[in-house]
Engineer: 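My structure is below; once you've seen it, I'll send some questions.
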Amino acid sequence: MSANLKHKLIELFNSYENSLNGESKTQEFLDRKEAINKFEAIGFPTLKHEDWKYTNVAFINKTDFLVNPKLGAIPNSILKEILIPNLEVDLIVMINGNYSDIHSKIISKNIEIKSINSIESNEEKNKFNTIDFDNAFVLINKAFHKDGIFIKTVKNQKSKRPIHILNISKSNDTILTNTRNLIIAEDNSDLKIIYSHYALDNTKCLNINVNEIRCGKNSKVEFNNIQNDTENSSQVNYSDIIQERDSVFTDNTLTINGKFIRNDLKTVLNGENSSSYYNGLYFINKKNHLDNHTFVNHKMPNCTSNEVYKGIIDERGKVVFNGKVLVSKDAQRTNAAQSNKNIVLTDSASINTKPELEIYADDVKCSHGTTTGKLDEEALFYLTQRGIDKDYAKAMLMFTFVYEVIDRLTIDELKKYIEEKIESKLLNKSIK
Amino acid sequence: MLKIENLSAEVDGKKILDGLNFEVNAGEIHAIMGPNGSGKSTLASVIAGHPKFTITSGSILYNGKSLLDLEPEDRAREGVFLAFQYPIEIPGVSNANFMKTAVNELRKYRGEEPLDSSDFLKMMRKKAELVKLDKSFLSRSVNEGFSGGEKKRNEIFQMAMMDPKLILMDETDSGLDIDALKIVSDGVNAFKNKNKAFVMITHYQRLLDYIVPDFVHVLAEGKIIRSGPKELALELEETGYDWVH
């Protein structure tokens with residue numbers, strides 16, 4: 001009989017509840033219980049579910065995962081290979097869903113960075129009860145997460161360096177881990193986060209990561225999700241963002257490698273004159289799968305949202321883009337733009353792209369566009385006419401195609417790192 | 001240097017060149033004129049090896065070698081250069097890196113060592129000066145945000161860097177104001193010598209005031225229907241092309 005993750009998770013939760021021996025009345029436990037009950041009711045999504053129409057997660061339900069394994073030990077030297085070279089950061093290391101005190105290294109003083117398990121104030125704990133009751137993965141995360149990171153800036157203070165949350169999975173078993181990040185940018189502060197999940201030694205794993213990001217008035221927050229993972233790693237990322245007036249939020253999702261990746265980004269523009277930017281870049285090959293789902297809710301007037309997703313799909317790679325923009329009745333003078341452009345290199349590679357606009361205000365400027373094509377023959381001829389080798393010329397053109405997104409990165413060392421990773425992947429492809 | 005015999009070519013099943021004959025010797029400058037859609041640009045693209053065109057008959061010999069057997073990159077490495085009518089923008093790749101890649105491929109083909117960075121930079125600055133491109137241009141992305149005139153000057157800069165033998169200029173003069181036209185022409189005139197040959201495709205006599213051709217040809221309906229000395233261009237300016245139909 002094949003494994004059934006849904007049953008396993010429900011049984012696990014029941015035995016956990018029994019082990020609590022009557023200590024099961026805390027609010028935290030009740031929240032977890034509510035989540036698992038809801039998960040039991042809805043189960044994993046199927047292709048009939050509108051939001052999962054082109055992303056089949058049946059393989060996840062059939063995988064025999066070890067859930068929330070123990071903190072594994074990793075040598076410090078390995079971190080050097082995964083981190084962005086020459087970039088000074090406040091480093092937070094999570095291993096198998098647990099905060100690793102020995103590997104983390106926090107330098108900055110003017111910012112609060114800690115494990116969520118060490119949050120004492122109930123007021124702060126309660127801020128983070130956002131939950132999507134329609135999303136099985138978010139429910140699993142809510143019920144099973146052991147730890148995560150809490151970050152809070154100080155009002156009116158600029159941060160001195162980016163924070164890198166490095167989320168490592170490492171086991172000889174096939175593992176399922178859950179992490180949560182709670183990020184608050186107070187009014188007039190700014191913050192840059194680099195987040196990356198990495199499965200060491202080709203660990204077979206699924207990580208479910210939920211980010212809750214709160215952008216205070218006139219704050220500026222940047223979240224860089226570096227997806228340069230290993231061959232057997234699957235990730236489900238879910239970010240819930242709320243922006244107050246005059247705030248700017250930018251998400252850069254840069255997907256270079258990984259077996260199965262689903263990213264959900266949901267922003268509520270909750271204050272006037274706030275702006276949200278989503279930039280996505282991907283190069284998907286082999287039989288890998290990437291699904292970017294975005295949702296921007298324009299609730300207030302004079303807000304801007306801008307999405308640019310560009311990528312290359314090769315071999316039997318599969319990419320899904322679904323971007324939804326909702327403009328409420330009061331959100332006059334909304335400016336919303338969405339663009340998804342793809343280069344598809346083989347007949348077996350595929351893209352399903354769907355931008356959606358739902359507009360209830362009358363004074364708005366909204367646009368969306370998608371293109372899917374092959375490499376530009378005229379441009380290829382131009383390069384080869386300059387004596388450049390055809391394969392190298394193709395790599396140059398693909399690099400050029402995604403460069404618009406790379407160019408939006410604001411951390412120079414990160415930009416250089418991404419340029420090099422993309423270049424080497426493109427050249428390896430061409431020279432083979 | 002170049003000998004084309006009975007050349008026919010088509011694109012998407014449509015015949016564009018139809019039994020064309022054309023010969024160019026080293027040291028010569030040829031102008032090819034003719035009405036829109038007569039096949040002028042196709043001729044340049046076919047010589048350079050654009051994969052979009054299918055050759056249905058004929059031959060192109062270049063210094064005794066059949067060009068039709070060579071890929072476009074090898075034709076370029078053999079010394080065939082096409083200055084494009086619409087140069088392509090390459091965001092994220094600097095002019096310096098682009099030319100370094102191109103020139104080093106060329107050197108590799110000839111069995112030479114790659115140039116070291118400082119020699120290369122010196123050479124680029126010198127050639128950029130030739131077409132009055134500011135040295136900041138070297139670090140800018142290829143043609144990105146360039147004006148029409150800057151793009152054409154960049155083509156001439158690239159020509160000077162790659163030091164080709166046969167230069168095909170596809171409407172290099174179109175969209176240029178007089179100052180830019182003069183810069184481009186000066187660049188070409190400084191570059192020409194008895195070992196090089198030029199084929200200039202143009203609509204207008206104007207360019208030929210600055211780069212004086214040895215021969216002028218009229219191309220219509222896929223063939224060269226008339227050839228003559230430089231004065232032919234002036235005559236064409238007077239009469240137009242109505243007579244060719």
Side-chain angles (χ1 to χ4, degrees), chain A residues 252 254 256 279 281-283 308 310-312 339 341 343 371 373-410 412 414-427 430-431, chain B residues 11 41 44-53 70-95 97-110 141-144 151 154-155 157-159 161-164 166-168 170:
Chain A
N252 300 312
L254 311 156
I256 300 165
N279 304 311
L281 171 162
Y282 42 87
F283 185 3
V308 177
K310 286 184 107 172
I312 297 154
S339 147
K341 293 182 178 168
I343 288 181
T371 61
K374 296 188 181 300
L375 281 177
D376 180 359
E377 205 185 40
E378 292 302 320
L380 192 58
F381 177 55
Y382 186 67
L383 296 177
T384 52
Q385 214 301 305
R386 297 299 180 257
I388 294 170
D389 200 64
K390 195 164 281 155
D391 284 339
Y392 192 80
K394 283 181 182 170
M396 277 174 97
L397 288 178
M398 289 187 264
F399 179 78
T400 290
F401 178 74
V402 294
Y403 187 74
E404 182 188 351
V405 178
I406 297 177
D407 202 33
R408 292 175 179 222
L409 302 178
T410 63
D412 288 342
L414 175 64
K415 189 172 169 182
K416 190 158 177 268
Y417 171 85
I418 294 294
E419 277 181 14
E420 281 170 5
K421 293 290 169 198
I422 290 277
E423 260 173 15
S424 85
K425 190 167 177 184
L426 287 171
L427 288 175
S430 300
I431 285 165
Chain B
V11 62
S41 289
S45 294
V46 163
I47 297 171
H50 197 308
K52 163 166 103 175
F53 299 98
L70 297 179
E71 292 292 319
E73 54 272 33
D74 283 336
R75 298 185 198 196
R77 293 163 188 166
E78 287 285 343
V80 176
F81 183 90
L82 173 61
F84 282 65
Q85 184 180 1
Y86 303 110
I88 304 290
E89 298 188 5
I90 318 175
V93 178
S94 70
N95 284 295
N97 270 339
F98 179 50
M99 271 302 104
K100 199 170 176 181
T101 308
V103 169
N104 282 335
E105 290 259 14
L106 208 66
R107 294 179 71 89
K108 194 167 87 188
Y109 187 75
R110 294 184 192 139
S141 291
V142 180
N143 292 327
E144 194 188 28
K151 283 182 185 172
N154 196 7
E155 293 295 285
F157 162 74
Q158 292 175 23
M159 175 195 77
M161 288 297 295
M162 298 190 64
D163 194 21
L166 173 65
I167 297 98
L168 312 162
D170 189 3

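Residue numbers start from 1 in every chain, and the chains themselves are labelled A, B, ... in the order their sequence lines are given, proteins ahead of strands. If you're wondering where the values come from, they're calculated on a predicted model, not measured in any experiment.
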Engineer: Below 4.5 Å from any heavy atom of chain A, which atoms of B:I90 appear? Answer side chain, backbone, both or neither.
Structural biologist: both
Engineer: State, to 0.1 Å, how close A:A395 and A:L427 come at their nearest heavy-atom pair, and which atoms those are.
Structural biologist: CB-CD2, 3.8 Å
Engineer: Chain A: which of B:P87, B:A102, B:P91, B:G49 shares the most heavy-atom pairs with it under 4.5 Å?
Structural biologist: B:P91
Engineer: Less than 4.5 Å to any heavy atom of chain A: does that hold for the side chain of B:E71, its backbone, both, or neither?
Structural biologist: side chain
Engineer: In terms of heavy-atom proximity below 4.5 Å to chain A, should B:F81 be classed as side chain, backbone, both, or neither?
Structural biologist: both
Engineer: Would A:E378 and B:H50 count as having a side-chain donor-acceptor pair, cut-off 3.5 Å?
Structural biologist: yes
Engineer: Which residue out of A:K390, A:M396, A:E419, A:E404 racks up the most heavy-atom pairs below 4.5 Å with chain B?
Structural biologist: A:K390
Engineer: Among B:F84, B:F53, B:Y86, whose ring-ring contact (aromatic ring centres under 6.0 Å, His included) with A:F381 holds?
Structural biologist: B:F84
Engineer: Of the non-hydrogen atoms in A:I406 and A:L281, which two are nearest, and what is the gap between them?
Structural biologist: CG1-CD1, 3.4 Å
Engineer: At a heavy-atom separation under 4.5 Å, does A:Y382 approach chain B through its side chain, its backbone, both, or neither?
Structural biologist: both
Engineer: Mind ranking B:P164, B:S141, B:A48 by heavy-atom pairs under 4.5 Å with chain A and telling me who comes out on top?
Structural biologist: B:A48
Engineer: Select, from A:L397, A:D389, A:D407, the one with the greatest count of heavy-atom pairs under 4.5 Å involving chain B.
Structural biologist: A:D389
Engineer: Please confirm whether A:K310 makes a cation-pi placement over A:F401, using NZ or CZ under 6.0 Å from the six-membered ring centre and within 45° of the ring normal.
Structural biologist: yes
Engineer: On a heavy-atom basis, which atom in A:G387 and which in B:A76 lie closest, and how many Å separate them?
Structural biologist: N-CB, 3.5 Å
Engineer: With a 4.5 angstrom heavy-atom cut-off, could you sort out which part of B:N143 is near chain A: side chain, backbone, both or neither?
Structural biologist: side chain
Engineer: Should we say atom NZ of A:K415 is surrounded by more than 12 heavy atoms from elsewhere, each under 6.0 Å from it?
Structural biologist: yes
Engineer: Please rank B:P72, B:P51, B:S45 by heavy-atom pairs under 4.5 Å with chain A and give me the top one.
Structural biologist: B:P72
